[in-house]
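Reading through the structure tokens given below for one structure.
Note that the numbering runs from 1 along the sequence shown for the chain.
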Amino acid sequence: IVADVNWSDMQKIFEMRIMLEPYAARLAAERATPKQIEAMETLLADSDPILAEGDHHQLIRLDHRAHQLLAEAAHNEFLAETLERLYSHGLRVWYVNLHRVSRLRQEVEEHREVLTAIKARDGHRAEEIVRKHVTDFHREQTELGR
């Protein structure tokens, strides 16, 4: 059961995500431990069979875990808690529009690009990719919601 989507609330959530998630990516590029980078690599390596199957539900779980790992790598538990809460609200939109979402493969590719930036310790690039990632997700969901 998915609660109704209030598009005004979704806009407010986007306003927060667009500021906080890129910042978390910048911090992750500066602070991620080798173990955290390895966890991200493992998650994304495991995405290939999921992409091949086209299992949208597994891709959403993968996307969620990628966002969690990124937030954890920022090493700011308050930021991670806030991002988790915001992501949870966004999940309602995913599930409402799941059958019409076209960006799932692109979402995974963007996570791979973020990981490359984090491994290179390029906070600016990681921030830039995540900003585009969140903006594109919001744009698609807004278009689908109309």
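To the nearest 0.5 Å, atom CD of residue Glu21 and atom CZ of residue Phe137 are 9.5 Å apart. One distance of note links OG1 of Thr135 with CZ of Arg17; it measures 9.5 Å at 0.5 Å rounding. Atom CE of Met40 is separated from atom CG of Leu70 by 5.5 Å, given to the nearest 0.5 angstrom. Rounded to the nearest 0.5 angstrom, Glu41 CD and Asp46 CG are separated by 11.5 Å. Leu86 CG to Met10 CE: the interatomic distance, rounded to the nearest 0.5 Å, is 9.0 Å. Separating the CD1 atom in Ile118 from the CD1 atom in Ile129 is a distance of 8.5 Å, to the nearest 0.5 Å.
Taking each heavy atom of Ala45 and Pro49 in turn, the nearest pair found is O-CD, 4.1 Å. Listed here is the closest heavy atom pair of Ala29 and Arg121: O-CD, 2.8 Å. Ala74 and Leu27 make their closest contact through CB-CB, 3.7 Å (heavy atoms, listed as atom of the first residue, atom of the second, distance). Between Tyr23 and Leu79 the shortest heavy-atom distance is CD2-CD2, 4.1 Å. When all heavy atoms of Ala66 and Leu43 are compared, the pair lying nearest together is N-CD2, 3.4 Å. Across all their heavy atoms, Ile37 and Ala32 have their closest contact at CG1-CB, 3.9 Å.
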Exercise for the section: Could you give me the CA-CA distance, side-chain angles and deciding distance for Ile18 and His138, then say whether side-chain contact (heavy atoms from CB on, under 4.5 Å) is met? Expected result: CA-CA 9 Å; Ile18 197 61; His138 178 71; over 6 Å; no
Handout entry: side-chain contact (heavy atoms from CB on, under 4.5 Å) between His111 and Asp63, intermediate numbers included
Key = CA-CA 8 Å; His111 285 297; Asp63 181 78; 2.6 Å; yes
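No side-chain heavy atom of Arg61 sits less than 4.5 Å from a side-chain heavy atom of His64.
Inspection of the His75 and Glu30 side chains reveals no N or O donor paired with an N or O acceptor under 3.5 Å. Side-chain contact of Glu113 with His133: a donor-acceptor pair under 3.5 Å is absent, judged by distance alone. Side-chain atoms of Gln68 and Glu72 include no donor-acceptor pair closer than 3.5 Å.
In terms of modelled atom types and a separation under 3.5 Å, the side chain of Arg31 and the main chain of Ala73 share no donor-acceptor contact. At least one donor-acceptor pair closer than 3.5 Å links the side chain of Arg112 to the backbone N or O of Leu44.
Aromatic ring pairs are classed by plane angle as parallel below 30°, tilted from 30° to 60° and perpendicular above 60°; the pair His67 and Tyr87 is tilted.
By the 4.0 Å N-to-carboxylate-O rule, Arg125 lies close enough to Glu128 to be salt-bridged with it.
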